[in-house]
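The structure under discussion appears below in the form of structure tokens.
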Amino acid sequence: MSIVLLLLLGSLVNGPYALITTAVSAELGTHECLEGNSKALATVTSIIDGTGSIGAAVGPLLAGFVSSYGWIYVFYMLMISCSLAVLLLVRLLVNECKQISKRSPDPTRTL
């Protein structure tokens, strides 16, 4: 049971991380200042991945510090972190939805 739960937890943690880094990299990759420069895109992607690695190192350190006040505060910290991530991604979601809604529908396209 422990192995199944660890696999489930790992996929729930890595899934959003991969989604966020991919979404941010794709958004920055289409920015006009890059103009198809593959080296600049690689640099941006590595900075994003590096920032995620720093977060992966600082998160448990912060959780250890917060746990000295009680474990309930660790869960509050995780809820605040998730809420902050959602708030930061809402703008990207709104922009994507606006772009999708501006496209003219193709009546010949089937789902």
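Here the structure is a predicted model, which means the values were calculated and not measured. Values below: every heavy atom of this structure, side chains too, minus hydrogens, waters and symmetry copies.
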Single-linkage hydrophobic cluster, 4.5 Å side-chain cutoff, Tyr69 and Leu78 together:
yes

Nearest 0.5 Å please: distance from the CD1 atom of Ile3 over to the CG atom of Leu8.
13.5 Å

Treating Ile, Leu, Val, Met, Phe, Trp and Tyr as nodes and any side-chain heavy-atom pair under 4.5 angstrom as an edge, say whether Met79 and Tyr73 lie in one connected cluster.
yes

How many angstroms lie between atom CD1 of Ile80 and atom CG of Leu87, to the nearest 0.5 angstrom?
11.5 Å

Roughly how far apart are Thr43 OG1 and Lys39 NZ, rounded to 0.5 Å?
9.0 Å

Are Leu9 and Val4 grouped together when hydrophobic residues (ILVMFWY) are joined by side-chain heavy atoms under 4.5 angstrom apart?
no

Hey, can you tell me if Trp71 and Phe75 have their rings parallel, tilted or perpendicular (30° and 60° cut-offs)?
tilted

Determine, using the 4.5 Å side-chain heavy-atom cutoff (strictly less than), whether Ile72 and Val74 are members of one ILVMFWY cluster.
yes

Val86, Leu92: one ILVMFWY side-chain cluster at the under-4.5 Å cut-off?
no

